[in-house]
Every structure is written in C-alpha cells, then in structure tokens.
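These notes concern the structure reproduced below.
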Number of protein chains: 2
Amino acid sequence: MTLEFRHHPAVTLAEVAEAAGVGESTVSRVLRDHGSFSKKTRDRVMEAVERLGYVPNRIAGTLASAGSRLVAFVIPSLSNIVFPDVLRGASTVLEENQHQAVFSVTDYDPEREEALVAAMLAWRPTAVMLAGFEHSERTLKMLRASGCRVVELLDLDGTALDLAVGYSNRAAGRTSAEFLLKRGYRRIGYVGHDLDRDTRAGKRFAGFSEALGAAGAPLADREIHAGGSSVESGRLGLERLLARRRDLDAVYFSNDDMALGGYFHCLAHGIAVPSQLAIFGYNGLDIGRVTPQPLSTIRTPRVATGRIAAELVVTNAPPQVVDLGFELVEGATT
Amino acid sequence: MTLEFRHHPAVTLAEVAEAAGVGESTVSRVLRDHGSFSKKTRDRVMEAVERLGYVPNRIAGTLASAGSRLVAFVIPSLSNIVFPDVLRGASTVLEENQHQAVFSVTDYDPEREEALVAAMLAWRPTAVMLAGFEHSERTLKMLRASGCRVVELLDLDGTALDLAVGYSNRAAGRTSAEFLLKRGYRRIGYVGHDLDRDTRAGKRFAGFSEALGAAGAPLADREIHAGGSSVESGRLGLERLLARRRDLDAVYFSNDDMALGGYFHCLAHGIAVPSQLAIFGYNGLDIGRVTPQPLSTIRTPRVATGRIAAELVVTNAPPQVVDLGFELVEGATT
DNA sequence: GCACTGATTGGCAGCGCTGCCATTCTCCTC
DNA sequence: GAGGAGAATGGCAGCGCTGCCAATCAGTGC
C-alpha cells in the first residue's frame, strides 16, 4: 500500500535550500551547526527541513567529508552472551557520540572473519572491533592498510595491532586453578567446548592446567564438547567425565553456561556441591548469583570492555592496551 | 606505531584502473562481475587489485548506484536474549546476501527510538527492523516517507506498516493461562517486569489475565518489578508475592529469566514444585530444559523471526504479515 | 575483402553532500 | 562618509563510484 508512495526520490539538501530561499552551503552549515549564520536564516532553514521532512544523507556526507562515524564489530558469536554484552557496553557510548554500530558474526571461523573484515572495510568505518588477537595474515594486512582504528577485545595475551581492551584469559585460568588448589581440591577435572576455535577459552584452559601442573596436581581428566558452549553440553560433559572418573573433587568449566549445566546435573543426581564435587565457572553471569548455591566463578568486565573500547575510539585515543582485570567470585559451589 | 602509515589515502578504483592499464568502468565491471569483459582483462584487473590491496568504497558505490545493502535494527535491548537471538537469525541471511546489519538500542524508550530511526535513515538503509508496532507518530511518518522497507518484529497484535514477522503475544498469554487452568490451577499469581515499556510483555499479561477472567478464576495477585527483567528480580518478585499470598498454587512469569529466578527461590526454600507451587515462563530458553526440573514455558521462534525477516528483505517480498506461531513446552514445573 | 553482429571497452556525467574561496552585508571607528 | 573587520552567504569543485552511451574490436557469412 505504501509502495506507491515509495519511489518519489528522497528530499535533497538542494531542495531544502531552494524551499528556504538560501544556498546549499547555508543549509549544510545550519544543519551541522558549524560556521556562522543568522538566527533568521536558521529558522527559515529549519522550517523548510521540517516541512519537507528532510533527512540528511550520510552516505553523501561521508563521501564528501571524511569520517563515516561507523564502527564495525566483527564478532565470533551472538549466542555467547559475552558479545551481546560487549555490544551493549559500546552501543550506549557510540549513540551518545553520533556513531553507528555495524556488526557481523564469524562463527569463530578465521576465514569468515577475513571476508567479513573486508566487507566492513568497504564502509570505511572509523574503527573495527575484533575479538582477540588471532587473525589471519590477510586480515591483519587489510586492517593495517585500512587506516582505520582497530580494537582487539577481551584478550591481553598477544600483540595488539593498535588498541586492545580486555583482560588476560591465561591469568583468569591460572587464578581459578590457584583458588581451587588453595581450597584443598586436588583431583580436578575440566569440562569445556571447542578450544581451537574459541582461542580465549583455550588460553584459560592453558593457564589453568599450567598452574595445576606447577602445583604438582596436574589435571586429572577432561571432557571436551565439540561444538559451542551451552548449558546442555555442560551437563552432558560432566556426566561423561564423572562416568570415567568418580574420584574427582572439583571441576573447572570453560564458562558459566557449562558450569550451570554441571551444577544442575549435580542437583538432579543428588551429588552434594561442594562437599562431593566443587564447581567453578567463568564469566560471572547474573544467573549464577541466584541459583540455590551461588556459582563460584570469575566475573569478567564484558560491558565495560565494550564501553571503554568505544570511548577510546570516539576520543581517538593513541594506541594502547587497557587491562580491565577480572574478579574472582567466591560462591557456594567450591 | 602504525599511525604514521595511516594517512596515505586509501587506494581508489581509478588507481587500480591506471595500474591495470584499463578504464575505470572496466575495473568496476570486473569487480562486480557485471557486464562483459575478457578473461585476460579480468586477470589483469585482479592482479592490480591484489597488488595494491584495493578495497572498494561502498560509500561511493552506494551514492552512485542505489541500494546501500544496509539493514538497520532499532531494538529495545541487548540484555534481553530475545534481541541477540533475532540479530543472530538475521545476520546469517544478511551476510550470505552481501548485506550489512547496523543496530542501535532504544532501551524501550519511544523517544530514543525516534531519534535512532532518524539516525538510521540517514544511511538510506534497505530496510529498518523494529520491535513491535508501538512507535511514535513521527517515527511512523519518517518510516513511511523514507521509501525503505520496514519490518516490525516479534508481535502480531497491531497494524503493520509494511512487513511484520512474529507471533501473537496476546495469544501466548492466553495459551499459558488456558494450560494452567486445564491443569487445575486456580489461585494464580503473576510476577513480571515493567509492562508499560515492554509492550509485548504487557500484551502477554493482558491475554493471560483475560483468559483467567473468562474462566472465572481471575488473577489472584501480581508483583511487578519496576526495571527490566532478570533472574534476580524474578526470585525477589516471587518472594514478595508469596509473602502476601501464601495460598497461590501457580505463578506465571513475564519470561523465563524471571521464572528461573522464581524456580531457584523454590529450590532454595524447599517449596515443592509443582505440588506446592507451579511455575510457568515464556521464551523457551535452552537453560530451562536443563534445570533439575525442565521449565514449563512457551517456546518462541526468536532466531527464525530474524531469519525470515531478513529473507523477506533480501528478496524484496511484497508487504505481508508472517505468523511464526509459538509452542507450549510442557516441562516439569507445572 | 566487406558488411554486420555482438562482445569489450573507455569516457564522462552525475549521486548528495562538504570544504574552500569569493562575495556581499553589517556595523563600527575615526 | 570613508575605511575596515567580521559576520553571513553563495558558488562550485570534488569525494569514489556506477550507469549510460559511444567507440572499438573480433568473428562470421558471403
């Protein structure tokens, strides 16, 4: 129905100028509140804008001037709550500063990442935000050549291209291990998801087992789920792990989703937590604070990561690495 | 460090043409694989593209031709898993069809929505995707005048502007009530979050209490949390509700997050579910299937909503309303 | 060898806006 | 009233690409 009305081409700045009886540059100046013009002119222009329903064309504006004020996010997943949280932190800052967020999802695939980065760069964004430091050679080359800011998020164990905001996953894994050891657990298992693709989970695991090894209590066993992480696969993973190793006294999960699955498995099968089995997660999801026993975990600054990253970009900060740290949350499952 | 290298302006199509010894239009044709050119020319162009690291400028391309292939999402929230799920469903389809997703978050505020829609329209997107049918007069006017496709998501109770994809929230509420009634529950309470802002939750609640009323078992009591929904507020809400009404035999929650909070409260306080109190949610989150007792809920096609919406847009389908329905999941909490 | 058809190719005018520069107005100052 | 400093304004050349059209080239039939 509205289709008939659709194709009258959109109002242009020139038409507004005509309608207001002023020059194009005057309209442009008024709309951007930049340069000088009289109050009377301003009113006349705004009246015409209002009357014609003019919406500036930023495609044209960007081409003519410089910055697109577009910030591109190339993220691995939207199922993993981490990334919506980062986007959430960033979007507030970006909106306040008249920037726009564009995103695409790589599904943890470096080749897709490469293709998507290329597609994003075609929009000449102000900045590109990526997860972590592991990128293909070509991706890195494109980013370097692009001239736009690059922010690598949620990791610190690697070399930054330009800006980096996050925390050390390796240290998070180590801290988790040290905590469990200090609590006296010795027969510790691990339940995780695909570590090759999710390199940050891989780094946590490396830090974790490294610390266990250093303390003379190496990882007893582990169960890796081939796909992504989920509550369901956490439950299943723990079930399988326990079927092999009944003597475990603690299990470290690759994140809270998995850990909650494990916790529910214990609840459902009468496994006393933590006396029979301790459970430790990662992320510090809200839900983990409300379970009958609050989940022991590492709380990560996901929203802040997005916020800070966006702030660095809109203020055009010099290249730097920002360590936001993490916080160990001592729940009741350890 | 790379900052020094940054400001050599990006390679342009003209430079590629020069380097390959062909005309600009030939390069353009080769890159878009559109029109005809010889194999030899193609190779020569691609070689130059490769060598110079050329990345097409879609800002310029869009200005010169037509479609931006940008799809704008103006969503209420990223904390509510519903919206990441919708984005997830859409992003796959969009990426496969060389479209890009831009988004911004209104925080359930119609005025912010208005401002953000205006900002989005400045990019001349192919389509704008919004949540629900409730928009300000000015928002509607801008959208109608914009000439771009409009998709209203996740609701069916209202009048569509152009395309709509979702399901009836009112019917979901009604179905939930009828299910509880059929199970014999009569003293039913409600725990929810801010219904004025989240109009879809409001419609579910309306459908729910309407059905209860029609069956002669009107809602016994309700507890509304002023802010957004969360597991924590669900727990707290149930606690408060039960403090007032010890005699309830079932509680309907505005969504699964809230319901899980309520369920955890029961687990922690020895309230037998469902014999003492039945719990019913909404959304059908994965986690609800793995709790010791699977949660009774309504499963909504969130990812499919995003996917279908994107498909309609990329295929430029005629205006229509797509009802994706929902599914009642009979868990063990009722 | 010549006309004819269709495949290839290059030239160039915009797309709608911004930035620069020149011009015109205002308002003071002396 | 002349001279001068700004303020206010308009004109117009691009930004980098695509779409259109004209020009050129290659292959075919006779």
Side-chain angles (χ1 to χ4, degrees), chain A residues 7-46 48-49 52-70 98 119 121-125 146-147, chain B residues 7-46 48-49 52-70 98 119 121-125 146-147:
Chain A
H7 292 307
H8 60 93
V11 182
T12 68
L13 188 147
E15 298 176 66
V16 174
E18 164 97 331
V22 301
E24 294 182 35
S25 12
T26 301
V27 176
S28 175
R29 273 187 297 257
V30 169
L31 286 174
R32 286 175 301 144
D33 193 16
H34 175 280
S36 65
F37 44 81
S38 68
K39 170 99 180 57
K40 199 170 61 186
T41 303
R42 204 197 79 93
D43 293 341
R44 214 133 50 99
V45 169
M46 292 315 282
V49 164
L52 301 180
Y54 172 67
V55 178
N57 183 335
R58 262 172 80 157
I59 301 276
T62 300
L63 184 61
S65 63
S68 65
R69 289 178 168 259
L70 234 32
Q98 289 77 251
L121 288 177
W123 286 102
R124 301 293 187 265
S146 72
Chain B
H7 292 308
H8 61 93
V11 182
T12 68
L13 186 145
E15 298 175 65
V16 174
E18 164 96 331
V22 300
E24 294 182 34
S25 14
T26 302
V27 177
S28 175
R29 274 187 296 256
V30 169
L31 286 175
R32 286 175 301 145
D33 193 17
H34 174 277
S36 66
F37 43 82
S38 68
K39 170 106 179 53
K40 200 169 62 184
T41 303
R42 204 198 80 93
D43 293 342
R44 215 131 51 98
V45 169
M46 292 316 280
V49 164
L52 301 181
Y54 172 68
V55 177
N57 183 335
R58 259 172 81 161
I59 301 276
T62 299
L63 184 61
S65 63
S68 65
R69 289 178 169 259
L70 234 31
Q98 288 75 253
L121 289 177
W123 286 103
R124 300 294 186 267
S146 71

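Below, each value reflects all heavy atoms present in this structure, side chains not excepted, and no hydrogens, waters or symmetry copies. Every chain is numbered from 1, with letters handed out A, B, ... down the list of sequences.
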Euclidean distance, [Y] [atom2] relative to [X] [atom1], rounded to 0.5 Å:
X        : Y        : atom1 : atom2 : answer
A/Thr62  : B/Arg58  : OG1   : CZ    : 14.0 Å
B/Arg124 : B/Ser146 : CZ    : OG    : 8.5 Å
B/Asp33  : B/Arg42  : CG    : CZ    : 8.0 Å

Checklist line | Test side chain to side chain donor-acceptor pair (under 3.5 Å) applied to B/Lys39 - qualifying residues, sequence neighbours left out | finding: B/Asp43
What is the distance, rounded to the nearest whole Å, between atom [atom1] of [X] and atom [atom2] of [N]?
X        : N      : atom1 : atom2 : result
A/Asp43  : D/dA8  : CG    : P     : 13 Å
B/Asp33  : C/dT8  : CG    : P     : 12 Å
B/Arg124 : C/dC17 : CZ    : C1'   : 11 Å
A/Glu18  : D/dG10 : CD    : P     : 12 Å
B/Leu63  : C/dA13 : CG    : P     : 17 Å
B/Tyr54  : D/dG16 : OH    : P     : 10 Å
A/Trp123 : D/dG16 : CH2   : P     : 16 Å
B/Glu15  : D/dC15 : CD    : P     : 11 Å

Check: Within the side chain of B/Ser28, is there an N or O that forms a donor-acceptor pair under 3.5 Å with the backbone of B/Glu24?
Finding: no
Next item on the list: Please report the shortest heavy-atom distance between B/Ala19 and B/Ala48, naming the atom on each side.
Entry: CB-CB, 4.2 Å
Checklist line | Options C/dG10, D/dG16, C/dT8, nucleotide nearest the side-chain atoms of B/Ser38 | finding: C/dT8
Margin query: Please confirm whether the shortest side-chain N or O distance from B/Ser36 to OP1 or OP2 of C/dG6 is below 4.0 Å.
Written below: no
Check: Should B/Thr12 be listed as having a side-chain N or O under 4.0 Å from OP1 or OP2 of D/dG16?
Finding: no
Next item on the list: Tell me, yes or no, whether the heavy-atom count around B/Glu18 atom CD, taken from other residues, nucleotides or ligands under 6.0 Å, exceeds 12.
Entry: no
What are the atom names and distances for every N/O pair under 3.5 Å that joins the protein to nucleotides 18-27 of chain C?
| residue | atom | partner | partner atom | Å |
| --- | --- | --- | --- | --- |
| C/dT18 | OP1 | A/Arg32 | NE | 3.4 |
| C/dT18 | OP2 | A/Ser28 | OG | 2.5 |
| C/dG19 | OP2 | A/Arg32 | NH1 | 2.8 |

